[in-house]
Enquirer: 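One structure, as structure tokens, below. Some questions next.
Since we're looking at a predicted model, the values are computed, not measured.
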Amino acid sequence: MNKSQRDFVTDTDEKCEGIILDALKKKYPTHKFIGEEETAKAGALPDLTDEPTWFCDPLDGTTNFVHGFPFVCVSIGLTLKKQPVLGKPGLS
């Protein structure tokens, strides 16, 4: 991936994450939020607490996205008391 592609992907990731987290924060103002892009900028994972915490990877499948393959998704999860309750693979 060249620099212009990387900049485009980063910009797209950040914009999408902002839209998603802003919507969640409006609906759940007392919850915590961990976004992939915010975490990458901070350079460290925030502490996971017992509080309801949302996780967001706004562009899961970056390589496919860059190459124009339609196999990408937004990954969102929620933990309560450090246990995944939404977005957990195999959760029914």
Side-chain angles (χ1 to χ4, degrees):
M1 179 180 336
N2 65 39
K3 183 180 178 342
S4 65
Q5 288 173 313
R6 189 170 38 256
D7 289 347
F8 173 70
V9 170
T10 300
D11 187 49
T12 302
D13 273 329
E14 289 174 356
K15 285 180 181 175
C16 291
E17 183 175 288
I19 291 167
I20 294 163
L21 293 182
D22 285 349
L24 287 170
K25 287 174 183 177
K26 284 180 185 170
K27 183 140 179 103
Y28 306 104
T30 62
H31 291 191
K32 294 199 175 259
F33 302 89
I34 298 175
E36 181 185 44
E37 300 308 310
E38 289 178 353
T39 301
K41 281 184 179 180
L45 289 174
D47 290 332
L48 183 59
T49 68
D50 284 341
E51 296 178 61
T53 304
W54 291 89
F55 296 84
C56 178
D57 179 352
L59 183 55
D60 198 353
T62 302
T63 301
N64 287 340
F65 179 79
V66 167
H67 294 299
F69 301 138
F71 306 105
V72 299
C73 68
V74 174
S75 294
I76 299 175
L78 172 66
T79 60
L80 299 175
K81 297 184 180 178
K82 301 180 187 171
Q83 297 300 310
V85 296
L86 179 70
K88 178 180 176 184
L91 184 66
S92 52

Enquirer: Can you name the side-chain hydrogen bond (donor to acceptor under 3.5 Å, both in side chains) partners of Glu14, sequence neighbours left out?
Expert: Lys41
Enquirer: Pairs under 3.5 angstrom only: tabulate donor-acceptor contacts from the side chains of residues 15-25 to other protein residues two or more places apart or in another chain.
Expert:
{"from": "Lys15", "atom 1": "NZ", "to": "Asp11", "atom 2": "OD2", "distance (Å)": "3.2"}
{"from": "Glu17", "atom 1": "OE1", "to": "Glu36", "atom 2": "N", "distance (Å)": "3.0"}
{"from": "Glu17", "atom 1": "OE1", "to": "Glu37", "atom 2": "N", "distance (Å)": "2.7"}
{"from": "Glu17", "atom 1": "OE2", "to": "Glu38", "atom 2": "N", "distance (Å)": "3.1"}

Enquirer: Indicate the atoms forming the closest heavy-atom contact of Val74 with Pro58, along with that distance.
Expert: CG2-O, 3.5 Å
Enquirer: Please name all residues satisfying side-chain hydrogen bond (donor to acceptor under 3.5 Å, both in side chains) with Thr39, sequence neighbours left out, ordered by chain then number.
Expert: none
Enquirer: Measuring from Thr49:OG1 to Lys82:NZ, what's the distance to the nearest 0.5 Å?
Expert: 7.5 Å
Enquirer: If I compare all heavy atoms of Phe71 with all of Asn64, which pair ends up nearest, and what's the gap?
Expert: O-ND2, 2.9 Å
Enquirer: Hydrophobic cluster mates of Ile34, side-chain heavy atoms under 4.5 angstrom, ILVMFWY only, any path?
Expert: Leu48, Phe55
Enquirer: Table please: side-chain donor-acceptor pairs of residues 26-33 below 3.5 Å, with sequence neighbours left out.
Expert:
{"from": "His31", "atom 1": "ND1", "to": "Trp54", "atom 2": "NE1", "distance (Å)": "2.9"}

Enquirer: At what distance, to the nearest 0.5 angstrom, does CD of Gln83 lie from CG of Asp50?
Expert: 9.5 Å
Enquirer: Taking only residues two or more places apart in sequence, or in another chain, which ones meet Asp47 in a side chain to side chain contact (heavy atoms under 4.5 Å, CB included)?
Expert: none
